Amino acid sequence: MLKIWNDAVVTDINIALYVAKNTGKTVHTNRQFYGFVINDSQAEKIIHFSDGISLRTGPNEFHFLPKGSSYRVETLNSGGCWAINFDLLNDIDQKPFKISFKNHETVVNIFKDAALAWKEKKDFHNALIKKCIYEIIVKVRKSQQQNYLPSEKELLIKPAVDTITREFTRNNLSVKELSELCGISEAYLRRIFIDKFSLSPKEYIIKLRMDYAKNLLESGQFSINQIAQICGYFEPCHFSREFSRFYGVSPKNFKKL
């Protein structure tokens with residue numbers, strides 16, 4: 001979390017509540033407020049932002065949603081979340097991020113206090129919710145200091161990252177091959193990838209393929225079957241399913257947009 005949060009002044013509270021599973025919006029366009037969110041013990045999802053960032057969050061994980069962002073939520077496992085939407089005196093340039101708190105119950109209780117204050121609307125309820133937001137900011141700052149990813153871990157997976165960047169369209173590119181290039185187990189490679197990219201190696205490859213496929217579709221120079229082959233899919237139907245899952249629309253309908 002950047003130092004700009006040290007000077008953050010919370011001005012308005014839009015909402016503080018628990019969002020039950022299967023009730024939240026899937027597509028969000030130009031968020032009007034900053035958002036602090038923490039999943040319950042069941043929720044697992046990938047948030048695909050319009051600028052190409054993808055953030056995977058799992059059970060009990062906290063994440064930040066920037067003001068002005070547009071994104072699509074892909075549900076991997078249905079669950080609810082606690083959320084606080086707020087505004088700041090001065091806008092900040094902070095990318096989406098997530099945090100896995102060692103003692104997530106403490107943070108959840110802060111969200112619950114904010115939701116209760118919002119629901120009851122008693123005197124000073126806005127002040128109480130602002131206090132909760134500042135407490136969360138402090139928790140996040142401390143957690144990030146504790147969970148810093150050493151540069152040696154980034155160097156450890158560099159052979160895999162470089163290979164994916166060069167060869168993400170190669171159909172037989174496997175996690176096993178990537179882990180062998182790095183000299184570590186598949187499980188450890190996956191753990192570091194999620195820490196760095198919020199995506200597993202497989203999900204990271206798919207993201208690059210889908211970004212590339214989107215650009216090819218927008219160019220209008222290739223058929224869907226050709227794009228599937230270019231992006232490393234032997235079967236066009238497999239490509240179409242993957243594209244639809246990622247963007248929420250089929251390649252055929254995407255071309256019509």
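Since we're looking at a predicted model, the values are computed, not measured.
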*Without swapping roles, check the side chain of Asp87 against the backbone of Thr11 for a donor-acceptor pair under 3.5 Å.*
no
Residues passing the side chain to side chain donor-acceptor pair (under 3.5 Å) test with Glu177, sequence neighbours excluded, are Arg170
Those residues at least two apart in sequence (or on a different chain) that pass side chain to side chain donor-acceptor pair (under 3.5 Å) with Asn103 are Thr106
In Thr57, Thr75, Asn77, Asn39, the residue satisfying side chain to side chain donor-acceptor pair (under 3.5 Å) with Lys45 is Asn39
Original post:
Does Tyr247 reach the main-chain N or O of Lys214 with its side chain, forming a donor-acceptor pair under 3.5 Å?
Top reply: no
request  = Determine, for Arg166 against Asp162, whether the closest basic-nitrogen to carboxylate-oxygen distance falls under 4.0 angstrom.
outcome  = no
Here the ring-ring contact (aromatic ring centres under 6.0 Å, His included) pairs for residues 153-190, sequence neighbours left out, are Phe168-Tyr212
Q. Donor-acceptor pair, Ser70 side chain versus Asn30 backbone, under 3.5 Å?
A. yes
Salt bridge Glu135-Lys131, side-chain N to carboxylate O under 4.0 Å | yes
Across all chains, not counting sequence neighbours, the side chain to side chain donor-acceptor pair (under 3.5 Å) partners of His125 are none
When every non-hydrogen atom of Ile194 is compared with those of Ser200, the smallest separation belongs to CG1-N, 3.9 Å
Separation between CH2 (Trp118) and CD1 (Ile15), nearest 0.5 Å, reads 6.0 Å
Grouping ILVMFWY residues whenever side-chain heavy atoms fall under 4.5 Å, the cluster of Ile53 otherwise contains Val37, Ile47, Phe49, Leu55, Leu65, Tyr71, Val73
Check: Aromatic rings Trp5 and Phe64: how do their planes relate, parallel, tilted or perpendicular, breaks at 30° and 60°?
Finding: perpendicular
Rounding to 0.5 Å, atoms CD (Glu44) and OG (Ser78) come to a distance of 11.0 Å
(request) Output yes when Glu186 and Arg190 qualify as a salt bridge under the 4.0 Å nitrogen-oxygen rule, no when they do not. (result) no
* Asked: Under 3.5 Å, side chain of Thr23 to main-chain N/O of Val19, donor-acceptor pair present?
  -> no
- Cluster check Phe234, Ile227: I/L/V/M/F/W/Y, side chain < 4.5 angstrom: no
Sorted by chain and number, sequence neighbours left out, side chain to side chain donor-acceptor pair (under 3.5 Å) with Tyr18 holds for Asp40
Rounded to the nearest 0.5 angstrom, the CG-CG distance for Leu128 and Asp113 is 8.5 Å
- Task: Using modelled atom types only, decide if a donor and an acceptor are shared between the side chain of Ser219 and the backbone of Leu216 within a distance under 3.5 Å.
- Result: yes
If you count heavy atoms of other groups shown closer than 6.0 angstrom to CD of Glu235, is the number above 12?
no
Kindly say whether Arg241 contributes a backbone atom to a donor-acceptor pair with the side chain of Ser244 at under 3.5 angstrom? no
